[in-house]
2 protein chains.
Amino acid sequence: MARGAFREQVLKVREDAIIASVNRLLAEKGFDLMTVDEVAADVGIAKASLYKHFASKEALAAAAMVRVLRKAADIVEAQPAAAPAIDKLKAVTRWALDVQLAGEMPTLPSQNSSLRAELLGSAAYTDLLTHVSDQLGAWIVKAQADGDIDPSLPPELVLFTLFSRACDPVPGFLKAGGRYTDAQIVEMVMGTCFDGLRRRPEQAS
Amino acid sequence: MARGAFREQVLKVREDAIIASVNRLLAEKGFDLMTVDEVAADVGIAKASLYKHFASKEALAAAAMVRVLRKAADIVEAQPAAAPAIDKLKAVTRWALDVQLAGEMPTLPSQNSSLRAELLGSAAYTDLLTHVSDQLGAWIVKAQADGDIDPSLPPELVLFTLFSRACDPVPGFLKAGGRYTDAQIVEMVMGTCFDGLRRRPEQAS
DNA sequence: GTCTATAAATCGATAGAC
DNA sequence: GTCTATCGATTTATAGAC
């Protein structure tokens with residue numbers, strides 16, 4: 001089976017290259033403005049060849065989303081179990097902001113129905129999303145019990161807020177302004193997310 | 001000139017109806033998924049008639065953006081001059097969240113270049129945007145001097161953050177969940193925006 | 001599996017009659 | 001100005017040769 005395994009390896013490498021292109025184009029232009037011709041040109045193969053690997057444009061986007069979710073799950077998994085929940089939440093949020101500032105966070109319009117159907121129909125996607133959400137949700141409840149997150153906030157509000165920060169346009173605006181480094185932008189946005197805009201007596205480190 | 005004035009009135013009413021439809025469809029599906037056929041059908045006129053009023057799809061979107069910006073400028077103007085700057089900022093933010101929850105906040109993709117060109121080429125749009133930004137910017141600096149907003153935050157970060165909250169997907173997610181009233185959602189999101197997720201000793205009213 | 005070529009559908013925009 | 005009908009361009013997806 002060595003030859004078969006090798007063939008599969010080659011196939012997987014090619015598909016990885018495709019997904020990488022899709023990921024980048026999705027982050028750059030969004031789903032609607034990304035064309036399949038563009039993806040094919042970026043990968044360096046013919047469009048018809050693309051359709052041998054993925055059944056549709058929606059399937060391409062779904063594969064990119066699964067990849068980023070898998071990476072997110074890895075980051076979640078990599079957090080030391082003994083660390084405070086708030087630190088783990090902040091670490092994952094920082095990672096998402098880093099990815100976004102690197103121009104590698106694929107963003108999908110929540111309005112597109114054909115895309116929504118494809119995503120919700122993909123077990124690989126929904127399972128990963130559930131897994132990550134459950135982990136973050138547990139940390140949120142823990143952080144609230146620890147007194148590090150306002151216990152009066154519904155956990156789902158906190159979860160949605162963190163997810164939204166991963167796609168927030170603010171880092172991109174600040175980066176376009178050119179006055180701050182990526183690291184500074186991440187810290188500023190982390191501050192407005194967890195500490196708000198209001199002045200506080202004791203500033204978080 | 002009475003007849004001419006009357007004709008202009010009729011024209012204006014029709015164009016208002018067009019812009020109202022565009023505004024709603026823009027909020028519902030976004031620019032790329034909104035089709036001109038759809039707008040024409042929603043208004044109840046033929047597509048060719050639409051093009052007698054507006055030169056392009058981009059011009060339609062720009063008109064909707066000008067309308068919402070004009071309304072925003074009105075809200076800004078309506079704030080009592082003597083009120084604390086932080087209260088004025090919160091009032092405008094609340095208004096934006098209300099509009100968004102009502103499904104009437106038109107959102108434009110910042111990536112679409114043809115749309116960007118049309119908007120930046122429209123003096124009505126850029127002038128209004130500058131006017132609103134300047135007013136909010138002055139209030140932000142004042143609120144920082146008053147100690148109500150963290151003075152270490154760059155004012156542009158605060159401005160971008162407030163603008164982004166007006167288009168944030170979080171209120172829509174919470175509304176879709178169906179567990180909270182619109183008023184509750186507005187207050188919760190206002191809290192995470194100004195006070196952050198972190199627990200604080202003295203909770204804001 | 002990869003290519004060229006093209007089908008099929010959609011959409012923005014316009015022509016021309018009234 | 002409003003309509004019907006259509007153009008022209010773009011885009012997703014596929015057929016068929018190699």
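The sequence lines fix the lettering, A, B, ..., with proteins before strands; numbering per chain opens at 1.
- Ion pairing between D74(B) and R70(B) fails under the 4.0 Å rule for side-chain N and carboxylate O.
- For S49(B) and dC3(D), the shortest distance from a side-chain N or O to OP1 or OP2 is below 4.0 Å.
- The CZ-C1' distance, from F31(A) to dT11(D), rounds to 12 Å in whole Å.
- Taking atom CZ of F54(B) as the reference point, atom P of dG1(D) lies 13 Å away to the nearest angstrom.
- With respect to the salt-bridge test (charged N to carboxylate O, under 4.0 angstrom), the residues D168(B) and R165(A) qualify.
- Rounded to a whole Å, the CE atom of M34(B) is 10 Å from the P atom of dA13(C).
- In this structure, K29(A) places its NZ atom 13 Å from C1' of dT11(D), rounding to the nearest Å.
- Considering only the side chain of V36(A), dT12(D) comes nearest among dT12(D), dG1(C), dC11(C).
- Put simply, CG on D32(A) is 16 Å from P on dT10(C), counting in whole angstrom units.
- At least one side-chain nitrogen or oxygen of R14(A) sits closer than 4.0 Å to the OP1 or OP2 atom of dT2(C).
- The pair K175(B)-D182(B) meets the salt-bridge criterion, with a side-chain N (NZ, NE, NH1 or NH2) lying under 4.0 Å from an Asp/Glu carboxylate O.
- Mapping K57(B) and A48(B) onto DNA chain C via the closest heavy atom, the residue that lands nearer the 5' end is K57(B).
- With respect to the salt-bridge test (charged N to carboxylate O, under 4.0 angstrom), the residues R94(A) and D98(A) do not qualify.
- In this structure, K52(A) does not reach the dG1(C) phosphate: none of its side-chain N or O atoms is under 4.0 Å from OP1 or OP2.
- Distances were taken from every side-chain heavy atom of H53(B) (C-beta onward) to each of dT12(D), dT2(D), dA13(C); the shortest belongs to dT2(D).
- If you measure from atom NZ of K47(A) to atom P of dT14(D), you get 11 Å, rounded to the nearest angstrom.
- Spacing between atom CG of L60(A) and atom C1' of dT11(D) amounts to 14 Å, rounded to whole angstrom units.
- Using a cutoff of 4.0 Å between basic side-chain nitrogens and carboxylate oxygens, D16(B) and K12(B) are scored as salt-bridged.
- If you take CG of L50(B) and P of dG1(D), they are 14 Å apart, rounded to a whole angstrom.
- Dashed line: the shortest gap from a side-chain N or O of Y51(A) to OP1 or OP2 of dA13(D) is under 4.0 Å.
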